Amino acid sequence: INAEYMGHFLSVYFFSLMSDGDDSIHTAHIGEVHEVPLAVVRRPIPSVLDEAKVQSMVDAINAGNVDSLPPVDVLWVRGTRPPHADYYFAFGGCHRWEAHRRTGRTAIAAKLVPTAACNLAVYMGSSAPNL
């Protein structure tokens, strides 16, 4: 591990410790939040849901408090093969995702994490698509 990488890692780690708890270690340094259409995001790992947790989020959304839910992390991959399209993957936030789906919302607040296509193998192993 080189010094530059370690310095970046430590700054992100310590920033996340000082955050309000709504940020992940991956997005603590990202301030911009986007409304991302649910239909464009791939969720390759099946969700295991706590129904009480989903219901509490559904209740928050129905009460007009959708902004009380933290944004989900979405990996944003620029394809390396024609047509060089943008691809979006989410591996966490399954309870928030399901609450949005159940309430009929078509988009979710998300922090986009620019990621190289080759990094998908970390999450998906040999099932990672060749983008």
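On a predicted model such as this, the values are computed, not experimentally measured, just so you know.
Sorted by first then second residue, the salt bridge (Lys or Arg N to Asp or Glu O under 4.0 Å) pairs that include residues 74-83, not counting sequence neighbours, are Arg78-Asp86. For residues 35-47, no residue pair satisfies the side-chain hydrogen bond (donor to acceptor under 3.5 Å, both in side chains) rule, not counting sequence neighbours. For residues 52-61, the pairs satisfying side-chain hydrogen bond (donor to acceptor under 3.5 Å, both in side chains) are Gln55-Asp59, with sequence neighbours left out.
With sequence neighbours excluded, the residues satisfying salt bridge (charged side-chain N to carboxylate O under 4.0 Å, His left out) with Glu51 are Arg102. In this view, Tyr87 satisfies the ring-ring contact (aromatic ring centres under 6.0 Å, His included) rule with no residue, not counting sequence neighbours. Residues satisfying the side-chain contact (heavy atoms from CB on, under 4.5 Å) test with Asn62, not counting sequence neighbours, are Val58, Thr103. In terms of the salt bridge (charged side-chain N to carboxylate O under 4.0 Å, His left out) criterion, Arg105 has no residue partners (sequence neighbours excluded).
Of all heavy-atom pairs between Pro44 and Ala90, the closest is CD-O, 3.9 Å. Between His100 and Arg96, the shortest heavy-atom contact is ND1-O, 2.8 Å. The nearest pair of heavy atoms linking Thr115 to Asn119 is CG2-CB, 3.5 Å.
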Output side-chain donor-acceptor pairs under 3.5 Å for residues 124-131, partner residues at least two apart or in another chain, one line each.
none

Given side-chain contact (heavy atoms from CB on, under 4.5 Å), test Val48 with Cys94 step by step and report yes or no.
CA-CA 8 Å; Val48 177; Cys94 59; over 6 Å; no
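Through direct or relayed side-chain contacts under 4.5 Å between Ile, Leu, Val, Met, Phe, Trp and Tyr, Val40 connects to Val36, Leu38, Val41, Val72, Val74, Trp76, Tyr88, Trp97, Ile108, Leu112. Ile61 shares a hydrophobic cluster with Met57, Val66, Leu69; the chain of contacts runs through ILVMFWY side chains whose heavy atoms sit under 4.5 Å apart.
A donor-acceptor pair is defined here as one N or O able to donate and one able to accept, closer than 3.5 Å; such a pair exists between the side chain of Lys111 and the backbone of Ile30.
Within the 4.5 Å cutoff, side-chain heavy atoms of Leu75 are placed close to those of Tyr123.
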